Amino acid sequence: MTAIQRPWQAPELTGLGRLPMSAVSRIDGSLSLNGEWRFQLLPSPDTPLADRWTLASVPGCWTVQEFEDIHGVGPDLPQYTNVQMPWPDAPPRTPSANPTGVYERSVTIPAAWAGRRIVLHVGAAESVLLVQVGGREIGLGKDSHLASEFDITDAVIPGEPTVIRLTVIKWSDASFVEDQDQWWHAGITRSVSLYATDLLYLDDVHVARATAEGELRVDVRVRAAGGSLPAGWRISGHLEGVGELGPDTAYAAANEADERVSDWLGLARISSLIPPESLRRWTAETPELYALTVRLHRADGTVADESRCRIGFRSVEIVGRDLLVNGVRVLIRGVNRHDFDPLTGRVVSAAAMRADLVAARRFGFNAIRTSHYPNDPAFLDLTDELGFYVVDEADIETHDHAHELADDPRYLAAFTERVSRMVLRDKNHPSVILWSLGNESDYGANHDAAAGWVRHYDPTRPLHYEGAVKLGWADAGHAVSDVVCPMYSSIDAIVEHAESGTQTRPLIMCEYSHAMGNSNGTLAEYWAAIESTPGLQGGFIWEFRDHGILQRLTDGRPAGPASALTSTDAVAPAGHRWAYGGDFGDVPNDGVFCADGIFFPDRAPKPAAYEHRELAAPVRLELTEDGEVLVRNRQDFLPLDVFETERIHAASDESPDAETWLTLRVTRDGEEICTPSIQLRPETRDLLTRADATPASTRVALDADGRLLHPLLAAPLTLSLWRAPTDNDVLGGMAERWQKWGLEAPPRTLLDITDDGARTIIRAEYATSVGPVLHEQILTPLLDGGVLVEESAALPDALDDVARVGSVFETAVPYAEAEWFGKGPWETYPDRDTAPVSRHGSTIDALFTPYLRPQESGGRNAVRWITLSAPDTPALTIHLDEPRQISVTRHRAADLARAAHHDELVPLSDRCVVHVDAAHRGLGTASCGPDTLPRYRIPGGVVHRWSWTLR
Ligand code: IPT
């Protein structure tokens, strides 16, 4: 069959009957077609329609909606794959089972539109859109993340009803270009509308220059329906706060004189120079916008068409290996963001986009990569307004077939159109500072073609493409990337490149610090390197949100758009869970790999978000040699006085010589921005003095195996070498190694118990598959009933890189609250511990972080002491010999490790599980990227010693 008959298997066919993409923003006059449409889900595009219809909402993903199953196809639920395609065939073949949604509705074309040009706008449909109006074939469109517009003037009669039918085919040749690491959905995912223009209309408005020097140039293209332009048309402009702007008469005269410029080209220009002294410049810190109106006048002066947008004056350039915004080398504190919603899938409201950006900004992010496709146009309005640097990325990811398609001429048009249509649409947004040619699509001739188009069309913005740069940071990919934008590089690798003498472009990591589960270890080391190494300019964390879809436990279906999520407390509401790959019976799938955001599905921040916030702190503290505290401004453009601050002094206890810290609580308009903290006085006292504890002359009680018995404990004190594997531990191979070594529950053998006259000394051996760990405990009763515990654990050489070395016990009481002196208040680990040292408090429940797949969590680093309390019960206090990792939860590590979802966990109701660690392995980011640094690993062949008091 021909491409016309099977357009979903014709990669060379990217669209038919579509209007060229442009950037005209008309304010009014559009007729929204959002709402309920008649709907049928067919098993394949070849299936004939039934006479019966059900209803579906537009916009909407049918994968998360509920509707009557007219054709007996069953629900077409979300499927999650990363690299692999859901079916095995080579491009452009599609499977015969190919869900196809037919949407239909009637609409009465406004009578007032008589004599006007009428356009149908479909915001986005995945993955192929076929359009019929009044029974006539109008056209088709591909690219699931850009709009398709069709001139339907000839197919409708103003004042009369017509039927619009939108057929959406899920799997197509285009799916191979949209193989991004995310859920597969289908449907019409952005708004649908009709609008009308005069027959004389603005075809494009291009803010070609709006520079930091105040230079403004707007290129306008005017068209007339039916062909030649009427004589006497002209354009005018208005810039807010500046005034009326006339057409560039010199440009018009030059066009007049230029034989190559025929009248029907309809080109006009507005040029102006805003006095630099009065110019408000746009940056992410100062998102200053000006409203620009462009009007098209008929010969009699009346206005035929008008476009209004907000523009920003700013310059982006690369000088040497620095990316400059308005001449300043700004650091890119970025995050990758997908269009994601736990209820509606890929349909994201403007309110949700704003909430994403507000959350991102609250946690120190100043840049977004629109991974891995252009977002809703409303998104860029928001990044302009709220102030974010944007890497705008084209909808190209051929991951599973990357090498073939990069040079496949059948896909050449798809590559160039996906890039050029994005640029045509988004060119007027000051927030867009780099164009990205896509993601994970290898590098080939198709990329060079797309890049060539952009370089000619928009010389004002540099290009970004990782797929080419990975072939060589110094020498590869210059045609398609002006920045070195690698993914998941190690700190050593980026520093080495910056210091190699071969670096020619700024290095900004397009993806780094994979936020899957309990992760983002060594983020501080990345930023220390970036801030101190010329040539390194930041990066984009992978990624913004965990893609957990809210799933009902009763029937396993997506909770869907009809549900509401009112809280943002990380845990799914009762009766639900956050679903990940496989949870909808989707095969093949890539499991929990889609839950890798620095925010939970409901936008609750993960502890790593706080880590990022503190590392991005615009206000830093330093102690000078003469003991003064210096406050530094780390913003690029704004002064310090945009912030309000509150000082918090915290001492570890009441004693006058206690360790003391100063924390600054920095807010802006009442919102906490960061909490930098600095030590004013170090600790000089020993454990027993600090704990105010006096040894008694009695003896501790032991069970038959020589383990401590104590009224505060419900289960004996043992050595712990293991943790519930994090996603990094699993995918990085550590968990498997720990399992082979038998670390989860190594058998313990009591060697001997001795008494040195004052203390009881217990020696025991824990057997692992690579040798025994010798554990020694020296127990001294304290006068107040407490115990001093002095421990050591000798690890055999082969036991290199365990999860932890420490003590674990269960309390006799289910404590409710914790107070501690150490890092906090959020969860911290040795390689993710940028948090103020202070006196912190929390409920026990809130200490725990409900990562989607349960794993080690709830830790607090650098704890000096911790007190657990509950009403009507004596408190339990632990003092540590030095700052150490602690966790108090209602879960045993083994139970965390067995559960696949958070809702499967049953919290212990009568006790808490307490870990006191001499050493705790860092988190790293090995689920995708480098593991933690050697200094955060626990070496074998070492004797660990730690002491603490339990009272
Ligand atoms: C990289 C992808 O670009 C991104 O979409 C996501 O999959 C991320 O990894 C991991 O979550 S590709 C990876 C094979 C390096």
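Order of listing sets the numbers, starting from 1, for every ligand and every atom in it. The shown structure was predicted, so the numbers you read here are calculated from the model rather than taken from an experiment. Below, each value reflects all heavy atoms present in this structure, side chains not excepted, and no hydrogens, waters or symmetry copies.
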Do [X] and [Y] make a side-chain contact, defined as non-hydrogen atoms from C-beta onward lying under 4.5 Å apart?
| X | Y | value |
| --- | --- | --- |
| Asn439 | Met487 | yes |
| Arg603 | Arg545 | yes |
| Arg937 | Thr932 | yes |

Considering residues at least two apart in sequence or located in another chain, which fulfil the side chain to side chain donor-acceptor pair (under 3.5 Å) criterion with Glu496?
->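 Per chain and number, Glu496 pairs via side chain to side chain donor-acceptor pair (under 3.5 Å) with no residue.
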
Ligand 1 N/O to protein N/O, distances under 3.5 Å:
unit_1, atom_1, unit_2, atom_2, d
ligand 1, 3 (O), Asn439, OD1, 3.4
ligand 1, 3 (O), Asn439, ND2, 2.8
ligand 1, 3 (O), Glu511, OE1, 3.1
ligand 1, 3 (O), Glu511, OE2, 2.7
ligand 1, 5 (O), His372, NE2, 2.7
ligand 1, 7 (O), Asp181, OD2, 2.4
ligand 1, 9 (O), Tyr488, OH, 3.4
ligand 1, 9 (O), Glu511, OE1, 3.4
ligand 1, 11 (O), Asp181, OD2, 3.3
ligand 1, 11 (O), His514, NE2, 2.8
ligand 1, 11 (O), Trp542, NE1, 3.1
ligand 1, 11 (O), Asp596, OD2, 2.9

Tell me which donor-acceptor pairs under 3.5 Å the side chains of residues 357-364 have, and how far apart each pair is, sequence neighbours excluded?
unit_1, atom_1, unit_2, atom_2, d
Arg361, NH1, Leu386, O, 3.3

Pair up each side-chain donor or acceptor in residues 468-475 with any protein partner under 3.5 Å, not counting sequence neighbours, and list the distances.
none

